[in-house]
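Below: one structure, written as structure tokens.
Count residues from 1 along the sequence.
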Amino acid sequence: MLAIKLIVILFVILTAGFSVIRHSIPSKDFEDNYEPYVEFKKKCLRFQPIAYAILGIIVAIILLCSSIFFTNEQEIGFTSMFGTNTMIEGPGMHFKVPFLSKKHIYDATTQGMPIGYTEDLDKDSEKNSEETVPEDSLMITSDFNFVNIDFYIEYRITDPIEYRYGSNDPKALFYNIAQSSIRNTVGLYDVDSVMTTGKTQIEMAVFDDMVNELSKHHTGLSVVNVTIQDAEPPTSAVSSAFMEVSNAKSNAETAVNEANSYKNTQLPAAEAQAEQIKQAANASKTERINEAKEEVARFEALFNEYRNNPETVKQRLYYETLQGILPNMDIIIGEDAKVVYIKDKDTAK
């Protein structure tokens with residue numbers, strides 16, 4: 001708007017100036033200098049088109065500069081004209097109607113919001129110094145204990161139109177939603193969970209609750225991550241007791257992990273040994289079954305032969321038996337061909 005005002009003022013000044021020069025009439029006192037004045041007037045009027053051309057070039061440059069703008073990957077925004085909003089798609093060069101269209105550009109990177117403490121940059125050490133805010137960090141748990149808990153909420157702008165027009169102060173509304181979600185969630189857990197093992201569950205519950213609440217309000221902001229920075233009891237004595245509980249739970253988890261590691265080491269070896277025994281048993285079973293089948297087949301063949309020639313089979317079995325026994329026997333035959341002594345060599349050994 002300032003550029004428009006300057007252009008209009010400059011145009012009015014030029015028009016008025018050339019109009020005065022064109023319609024000016026010298027007085028009688030300057031009759032002797034009339035010719036030089038006329039010549040000067042003509043020169044000034046010749047400069048009028050050039051002046052308007054220069055003014056037109058300036059206007060064109062201003063219009064061009066006001067109609068082109070650039071955005072990068074870390075920015076998000078929209079343009080508005082006569083109540084119509086148009087999102088800016090992607091980074092790069094964009095166009096808008098000069099003076100009528102208005103651009104709104106915001107930072108689209110992830111930003112952080114501490115709750116329960118404040119972050120101040122120490123200029124001397126160039127480090128962030130934290131200061132607790134008791135009215136924000138002190139909360140009550142489900143078992144009616146008090147605890148100081150600090151959160152760090154990461155968020156970013158995802159809808160610049162809602163961020164611009166949805167509320168008067170979207171960041172303040174986001175802060176109130178975060179506080180409400182944190183207190184409602186912490187109030188569902190006992191102090192032991194808040195201090196030790198329940199932090200991850202609390203972070204997830206706060207995140208889900210914030211997402212649900214933000215969907216009901218038009219802030220244009222989205223929560224990215226919720227982190228518990230610190231959780232401690234309000235007194236040092238209680239803090240020491242909780243530290244001992246935390247150490248005991250940590251030791252218990254270490255013991256369980258070691259036991260699981262030993263189990264994971266020994267169980268595969270035992271399973272392999274059991275599989276080996278099972279395979280050996282199956283092999284022995286198969287071998288014995290085959291041997292039994294061979295014996296059955298041999299017996300059936302012998303039985304069939306016995307039914308056809310019983311005396312011959314008996315005689316052959318008798319001889320085969322003697323052939324197996326006699327080589328291992330010491331036999332002494334006395335007078336009249338009578339056996340007087342029999343000794344089994346294997347038994348003697």
Side-chain angles (χ1 to χ4, degrees), residues 1-8 59-121 128 133 135-137 150-186 203-229:
M1 293 302 294
L2 179 61
I4 296 176
K5 293 179 180 179
L6 292 176
I7 292 172
V8 172
V59 171
I61 294 174
I62 293 175
L63 291 176
L64 182 64
C65 293
S66 62
S67 63
I68 298 176
F69 64 96
F70 297 86
T71 60
N72 56 41
E73 295 180 351
Q74 298 179 347
E75 294 177 332
I76 190 173
F78 67 99
T79 59
S80 60
M81 184 175 67
F82 304 132
T84 302
N85 302 313
T86 304
M87 287 289 295
I88 298 174
E89 300 295 340
M93 184 173 65
H94 305 279
F95 298 90
K96 66 183 185 68
V97 179
F99 306 115
L100 298 178
S101 179
K102 193 173 183 181
K103 65 178 180 178
H104 306 274
I105 308 297
Y106 303 100
D107 185 4
T109 59
T110 300
Q111 304 178 52
M113 176 181 291
I115 295 181
Y117 67 101
T118 58
E119 288 183 328
D120 296 324
L121 181 62
N128 288 334
V133 182
E135 57 269 20
D136 291 340
S137 64
D150 299 333
F151 281 81
Y152 189 75
I153 311 296
E154 294 178 89
Y155 68 95
R156 61 188 179 91
I157 300 174
T158 54
D159 191 332
I161 298 176
E162 286 191 349
Y163 182 79
R164 174 71 179 181
Y165 302 113
S167 62
N168 292 330
D169 193 345
K171 289 188 177 181
L173 181 57
F174 182 87
Y175 186 85
N176 292 334
I177 292 174
Q179 272 196 325
S180 176
S181 298
I182 289 171
R183 292 190 179 277
N184 292 337
T185 303
V186 172
E203 291 171 350
M204 295 175 60
V206 171
F207 180 88
D208 293 339
D209 190 64
M210 286 190 65
V211 170
N212 184 40
E213 288 298 321
L214 287 172
S215 65
K216 302 176 183 177
H217 301 80
H218 302 287
T219 62
L221 300 173
S222 296
V223 60
V224 176
N225 189 35
V226 176
T227 306
I228 295 178
Q229 294 292 95

Quiz prompt | Minimum heavy-atom distance between R183 and D136, given as atom pair plus value | solution = NH2-O, 3.4 Å
Practice problem: With rounding to the nearest 0.5 Å, note down the distance linking CD1 in I76 to CZ in R156. | Solution: 8.0 Å
Self-check item: Stepwise side chain to side chain donor-acceptor pair (under 3.5 Å) test for N225 and E154
Solution: CA-CA 5 Å; N225 189 35; E154 294 178 89; 3.2 Å; yes
Quiz item: Which pair of heavy atoms, one from P114 and one from Y175, lies closest together, and at what distance?
Solution: O-CE1, 3.9 Å
Quiz item: Where do F207 and E203 land on the side-chain contact (heavy atoms from CB on, under 4.5 Å) test, with the steps shown first?
Solution: CA-CA 6 Å; F207 180 88; E203 291 171 350; over 6 Å; no
Exercise. Count the heavy atoms of every other residue, nucleotide or ligand shown that sit under 6.0 Å from CD of E73, and state whether that count exceeds 12.
Key: no
Self-check item: Any P160 side-chain heavy atom under 4.5 Å of M87 side chain
Solution: yes
Practice problem: Nearest 0.5 Å please: distance from the CG atom of N85 over to the CD1 atom of I161. | Solution: 4.5 Å
Quiz item: Any idea which heavy atoms bring A108 and E75 closest together, and the distance?
Solution: CB-C, 3.9 Å
Quiz item: With a cut-off of 6.0 Å (strictly less than), are more than 12 heavy atoms of other residues, nucleotides or ligands near NE2 of H218?
Solution: no
Exercise. Quick one: do L173 and I177 satisfy side-chain contact (heavy atoms from CB on, under 4.5 Å)? Show the steps, please.
Key: CA-CA 6 Å; L173 181 57; I177 292 174; 4.2 Å; yes
Practice problem: Starting at CG of D159, measure out to CZ of R164 and round the result to the nearest 0.5 Å. | Solution: 13.5 Å
Quiz prompt | Closest non-hydrogen atom pair between Q111 and K171, with its separation | solution = OE1-NZ, 3.7 Å
Exercise. Kindly check if the number of other-residue, nucleotide or ligand heavy atoms within 6.0 Å of CG (N72) is above 12?
Key: yes
Quiz prompt | Stepwise side-chain contact (heavy atoms from CB on, under 4.5 Å) test for V206 and V223 | solution = CA-CA 10 Å; V206 171; V223 60; over 6 Å; no
Quiz item: Going from CD on Q229 to CD1 on I115, what distance comes out if it is rounded to the nearest 0.5 angstrom?
Solution: 11.0 Å
Quiz item: Does a sphere of radius 6.0 Å around CE in M204 hold more than 12 heavy atoms from other residues, nucleotides or ligands, not counting ones at 6.0 Å or beyond?
Solution: no
Self-check item: Shortest non-hydrogen contact between Y163 and P170, atoms and distance
Solution: CE1-CG, 3.3 Å
Exercise. Please confirm whether the backbone N or O of V133 pairs with a side-chain atom of S137, one donor and one acceptor, at under 3.5 Å?
Key: yes
Quiz item: Hey, which of L221, T110, T219 is the one that makes side chain to side chain contact (heavy atoms under 4.5 Å, CB included) with Y155?
Solution: L221
Quiz item: Can you tell me how far the CD1 atom of I182 sits from the CE atom of M210, to the nearest 0.5 Å?
Solution: 7.0 Å
Quiz item: If you round to the nearest 0.5 Å, how far is CD of E89 from OG1 of T71?
Solution: 10.0 Å
Self-check item: salt bridge (charged side-chain N to carboxylate O under 4.0 Å, His left out) contacts in which one or both residues fall within residues 207-223, not counting sequence neighbours
Solution: E213-K216
Quiz item: Distance-only, no hydrogens or angles: does the S181 side chain make a donor-acceptor pair with backbone N or O of A178 under 3.5 Å?
Solution: no
Self-check item: Closest contact, heavy atoms only, S222 versus T158
Solution: OG-OG1, 2.9 Å
